[in-house]
Amino acid sequence: MIKVLIVDDHASMREALATALTGSGEFIVVGEVSNADYALDFCKRLQPDMVLMDVCTEDGASGLEAVEAIRKAYVDIKIIVMTAFDEITYIPRAKAAGANGFVYKSKSLNYFLEVVKEVLAGGSSFPEPKTIPMPQGEAPLTDREMEVLRLMCRHMTNKEIARELFISENTVKYHKMNMLGKTGFSKAVDLAFYMISNGWINPLY
């Protein structure tokens with residue numbers, strides 16, 4: 001039996017996933033936790049084969065940070081990230097953290113099971129990343145520009161962004177200038193507001 005740990009702050013989601021997994025006859029849910037900060041400790045104690053990790057968990061704990069911590073400690077544990085949000089940076093950030101797959105919660109439970117089995121078989125499963133609508137002929141934003149934009153949406157200053165990304169303030173300004181040129185906005189704050197108001201970026205995570 002494949003041992004699974006579910007990390008999600010919604011009891012109904014944990015229950016639905018547990019029912020689907022155990023009902024298949026191939027899995028046993030060895031633990032459920034609502035706060036991602038405790039996920040690594042649960043992995044140490046329960047030794048799961050797979051972790052289903054929500055991006056946003058109880059008390060603001062980051063599932064993506066938990067993925068990175070688990071991956072550093074356990075290279076063999078399979079991790080699938082899941083979310084109800086369409087935040088465009090989640091998929092590349094999940095990959096960078098070491099996840100093996102990514103699923104939107106709007107998908108059916110049967111789809112979840114398909115992704116789980118694909119990952120356990122040694123594969124990976126990530127949906128096509130969502131992109132920002134760009135003016136015709138403009139290049140999409142780079143991964144680094146997206147990182148800067150995400151931190152802008154958290155109202156961080158150039159200095160704070162530079163410290164977070166280990167780059168210079170001039171480099172931050174350069175990325176902002178490029179983003180404004182590509183998107184047609186005249187002010188970085190207007191671009192950040194557009195991203196948040198349209199649900200492209202969730203500034204809390």
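All values reported here derive from a predicted model rather than from experimental measurement. The residues of the chain are indexed from 1 along the displayed sequence.
- Residues satisfying the side chain to side chain donor-acceptor pair (under 3.5 Å) criterion with Thr19, sequence neighbours excluded, are absent altogether.
- Among residues two or more places apart in sequence or in another chain, the side chain to side chain donor-acceptor pair (under 3.5 Å) test is passed with Thr22 by none.
- Side-chain N or O atoms of Glu145 include one that pairs as donor or acceptor with a backbone N or O of Thr142 at under 3.5 Å.
- The cationic group of Lys107 lies under 6.0 Å from the six-membered ring centre of Tyr111 and within 45° of the ring axis, placing it in a cation-pi geometry.
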Using side-chain hydrogen bond (donor to acceptor under 3.5 Å, both in side chains), reason through Arg144 and Asn178 one step at a time and then give a plain yes or no.
CA-CA 11 Å; Arg144 177 60 88 185; Asn178 280 347; over 6 Å; no
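- Put simply, CZ on Arg163 and CD on Glu160 are 6.5 Å apart, with the number rounded to the nearest 0.5 Å.
- Phe126 CZ: more than 12 foreign heavy atoms inside a 6.0 Å radius.
- Applying the side-chain hydrogen bond (donor to acceptor under 3.5 Å, both in side chains) test to every pair with at least one member in residues 41-58, sequence neighbours left out, gives these pairs: Ser34-Glu58, Asp54-Lys105.
- Annotation: the span from Lys117 atom NZ to Ser125 atom OG amounts to 14.0 Å, rounded to 0.5 Å.
- With Met50 as the partner, the side chain to side chain contact (heavy atoms under 4.5 Å, CB included) test is satisfied by one option alone out of Ile77, Ile79, Val119, Leu21: Val119.
- The distance from the CE atom of Met152 to the CG atom of Asn158 is 9.0 Å, given to the nearest 0.5 Å.
- By the 4.5 Å heavy-atom criterion applied to side chains, Pro48 and Val4 are not counted as neighbours.
- Under a hydrophobic clustering in which Ile, Leu, Val, Met, Phe, Trp and Tyr are joined whenever their side-chain heavy atoms come within less than 4.5 Å, directly or via other members, Leu46 and Tyr38 fall into the same cluster.
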Walk me through whether Leu149 and Met179 qualify under side-chain contact (heavy atoms from CB on, under 4.5 Å).
CA-CA 8 Å; Leu149 182 54; Met179 285 189 286; 3.8 Å; yes
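- Residue-environment remark: CG (Asp190) exceeds the threshold of 12 foreign heavy atoms within 6.0 Å.
- Using a 4.5 Å heavy-atom cutoff, the side chains of Val51 and Cys43 are in contact.
- For the side chain to side chain contact (heavy atoms under 4.5 Å, CB included) with Leu52, the lone residue among Asp8, Val7, Val81, Val116 that qualifies is Val116.
- Between the side chain of Thr171 and the backbone N or O of Ile167 there is no donor-acceptor pair closer than 3.5 Å.
- Note that CZ of Phe185 and CZ of Phe193 are 10.0 Å apart. Values are rounded to the nearest 0.5 Å.
- Leu17 CG to Leu109 CG: the interatomic distance, rounded to the nearest 0.5 Å, is 6.0 Å.
- Side-chain contact between Arg150 and Arg93 is present, with heavy atoms from C-beta onward closer than 4.5 Å.
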Working note: Tyr104 + Ile91, criterion side-chain contact (heavy atoms from CB on, under 4.5 Å); need CA distance, chi angles, decisive distance, verdict.
CA-CA 10 Å; Tyr104 287 107; Ile91 294 175; 3.6 Å; yes
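- Residues satisfying the side chain to side chain donor-acceptor pair (under 3.5 Å) test with Glu68, not counting sequence neighbours, are none.
- Remark: Glu65 engages no residue in a salt bridge (Lys or Arg N to Asp or Glu O under 4.0 Å) (not counting sequence neighbours).
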What verdict does the side-chain contact (heavy atoms from CB on, under 4.5 Å) test give for Ile80 and Phe102, after you've listed the backbone C-alpha separation in whole Å, the side-chain angles of each residue and the deciding distance to 0.1 Å?
CA-CA 5 Å; Ile80 295 175; Phe102 189 102; 5.9 Å; no
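- The line from CD1 of Ile161 to CD of Glu169 is 9.5 Å long, rounded to the nearest 0.5 Å.
- The cationic group of Lys3 does not satisfy the cation-pi geometry with Phe27, failing either the under 6.0 Å distance to the six-membered ring centre or the 45° limit from the ring axis.
- Counting heavy atoms from C-beta outward, Asn100 and Lys78 have side chains that approach closer than 4.5 Å.
- Within the 3.5 Å criterion, the main-chain N or O of Glu32 finds no donor-acceptor partner in the side chain of Arg14.
- For Arg154, the side chain to side chain donor-acceptor pair (under 3.5 Å) criterion is met by no residue, not counting sequence neighbours.
- Follow the hydrophobic side-chain contacts under 4.5 Å out from Leu64 and you never reach Val75; the two are in separate clusters.
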Set out, in order, the CA-CA distance, both residues' side-chain angles and the distance that settles side-chain contact (heavy atoms from CB on, under 4.5 Å) for Met156 and Glu164, then state yes or no.
CA-CA 10 Å; Met156 294 176 69; Glu164 177 77 13; 4.1 Å; yes
